[in-house]
Amino acid sequence: MKRLQERLQTIIGKGYKAYKQLQGSYQFENFRLTFDHIQGDPYALPSRISISIEEADHGLPQALRSTAIRQIALEDFLARAVSQAIGQYVKGQRGTGHSGQIRIATSGQQVLRRNAVLLDDSGLEARLLLALPADGRSVRVADAQEMLFDELPKIVEQALLYRGQDLTAHFLQVDQVEDQAWLRDWLQEVGGVAFVADNSLLPRRSGVDDRPLVQGVPFHSPASLRCQVVLPHRGGISGMLIPRGVTLIVGGGFHGKSTLLHALEMGVYNHLPADGRELVVTSSKAVKIRAEDHRAIHQVNISPFIGTLPGNRSTVCFSTENASGSTSQAANIIEALESGADCFLIDEDTSATNFMIRDPRMQQLVRPEQEPITPLLYRVRELYEQQGVSSIIVAGGSGDYLAVADRVILMDNYCPRDVSAQAARLAGEAPSLPRPGIAFSRKSRRLLDSARFNTHCADGKHRILVRSMRQIDFGPQQIDLSRVEQLVDVGQTEAVARLLDYAAQRYENHPAGLVGALRQAFEDVEEQGLDILHPWKVGHLAMPRFYELVAAANRLRTEAS
Ligand code: ADP
Ligand code: MG
């Protein structure tokens, strides 16, 4: 610490690049500060620092990280504690560019595995960004001193040192997250695909604010679908269990159908205490399926849904740079099957009508041989019975699906009612295929073509640039994730981009093709941690799901757009 103070004195009045002389590691009273990379430009991404604390100093008991999921929940908690302490103690902007800021990467309402705070038996490491202060392009040593010797120790003291301090909030989050993971495993055992606990709060404050709508109507399960379960920490709870099969959510407009489905989409993740969805869980293999017109499709067999197109164009190995609503939704289903999905979540609001239904009058007017599309209606039962893929479908506008549903949930003033029996009486006969169907397959013949997954740009450099949570520049290619709705954090996008490159470098010739190569890469990261994805020590990566990784690979757009 003294050495750092001395070094700072020697650079007074110098240019910003003089900060580079601070490179190295310094022992403070309770922690060690390391400058992992010092930025030479106050306008660029701030310098990367890490703080390491030995186990004896941080005082966090082993019980908080005794399982993998508890450890993830604890690391998440600590990163949020650091973020909160930053808000409390860091003065913020002083000088040019980012000068004076300190940051740590944290998630929104979800609890994700990240690499901002990492714990192991030897201790704890927190990775932060710290923008060393500048006056124009020169150093501001007095401000740097304030950041390093006043603010930083206060942050560490409050967020990362717990000798004798209260750990109630830590245990609350860790236990609750473990309960959610447990509930998801239990779901699998009892043959369910989703569970929504009574008193959950599903609506959000707004489309851009993912926190709970406090004055919302709490969830109340219908008696016929109610189920009791005893969680390891919280104890007994009750809620609505959605079994495997085909489930419809119906009801008038504005009665909460999409809100329920959206909560189920997010139920693949664990949530913070008091999120309102902390006891809403969905199968970890549930995938949202929607129309996504204009997406790129590369060599996908969409023939089970879309037959030969006008001009005798085959759809067995279909590629396009600009898909229609129905072909994109068909490709989304086939690709999700290939990646191992076990439940589709579908909302009429975001579906292509001609992919979902075709009514009898239209079938008389447009003959089967004139219509390449086989709507999902005709194949949704087969997907369940032969491929084991359940569906939860919001369908308020068409009664056709009543005939193929195992159960029907009516949303009435945000309150679910089981109307399965009534629906069965109205349903009529199950519709039969207008023409013989082409079988589904979970196998894809697509290979990982490393020429396609190439990060080499025209200027000779390798470049992977995450522009936003939903936009990746992958070398000269683009990946548009704007309608991959179960991606929730830009840190996941960063990891996805790196995983694609990692898979292309190592597993090009995987016997199971593209999906197999991505699976192998994904498992490497699960086992060895997010750090294997980056050449330098960084703290901004978050673990994606396998399905969103595959979704990104499938959306690679090779032509300049
Ligand atoms: P639908 O899909 O049935 O048309 P939405 O799910 O879009 O309806 O919900 C309509 C509106 O009602 C949204 O603004 C949503 O935030 C709100 N909402 C949904 N569920 C609840 C609830 N449980 N309590 C209060 N407001 C809700
Ligand atoms: Mg809706």
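One-based numbering, in listed order, for ligands and for the atoms of each. Here the structure is a predicted model, which means the values were calculated and not measured. Computed over heavy atoms, backbone and side chain alike; hydrogens, waters and symmetry mates excluded.
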Inset, instruction - Tell me, please, whether Tyr384 has Arg244 positioned over its six-membered ring: NZ or CZ under 6.0 Å from the ring centre and within 45 degrees of its axis? - result: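 No.
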Legend entry - Polar contact flag, side-chain donor to acceptor under 3.5 angstrom, Tyr269-Gln180: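 The criterion, which ignores hydrogens and geometry beyond distance, is not satisfied for Gln180 and Tyr269.
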Inset, instruction - Could you confirm whether Asp349 has any N/O/S atom lying under 2.8 Å from the Mg ion (ligand 2)? - result: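 Short answer: yes, at least one N, O or S atom is under the cut-off.
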Legend entry - Short N/O/S contact of Ser258 with the Mg ion (ligand 2) (below 2.8 Å): yes
Legend entry - Arg204 side chain vs Asp210 backbone, donor-acceptor pair below 3.5 Å: yes
Legend entry - Contact residues of ligand 1, where a non-hydrogen atom lies under 4.0 Å away: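 Contacts of ligand 1 under 4.0 Å: Pro203, Leu213, Gly216, Val217, Gly252, Gly253, Phe254, His255, Gly256, Lys257, Ser258, Thr259, Tyr414.
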Inset, instruction - Report yes if the distance between the aromatic ring centroids of Phe305 and Phe440 is under 6.0 Å, otherwise no. - result: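 Phe305 vs Phe440: aromatic centres under 6.0 Å.
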Legend entry - Cationic N near anionic O, under 4.0 Å, Arg467 to Asp480: no
Legend entry - Short N-O contact, Glu338 and Arg446, less than 4.0 angstrom: yes
Legend entry - Contact check, side chains of Asp418 and Leu410, non-hydrogen atoms, under 4.5 Å: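 No - every pair of side-chain heavy atoms lies 4.5 Å or more apart.
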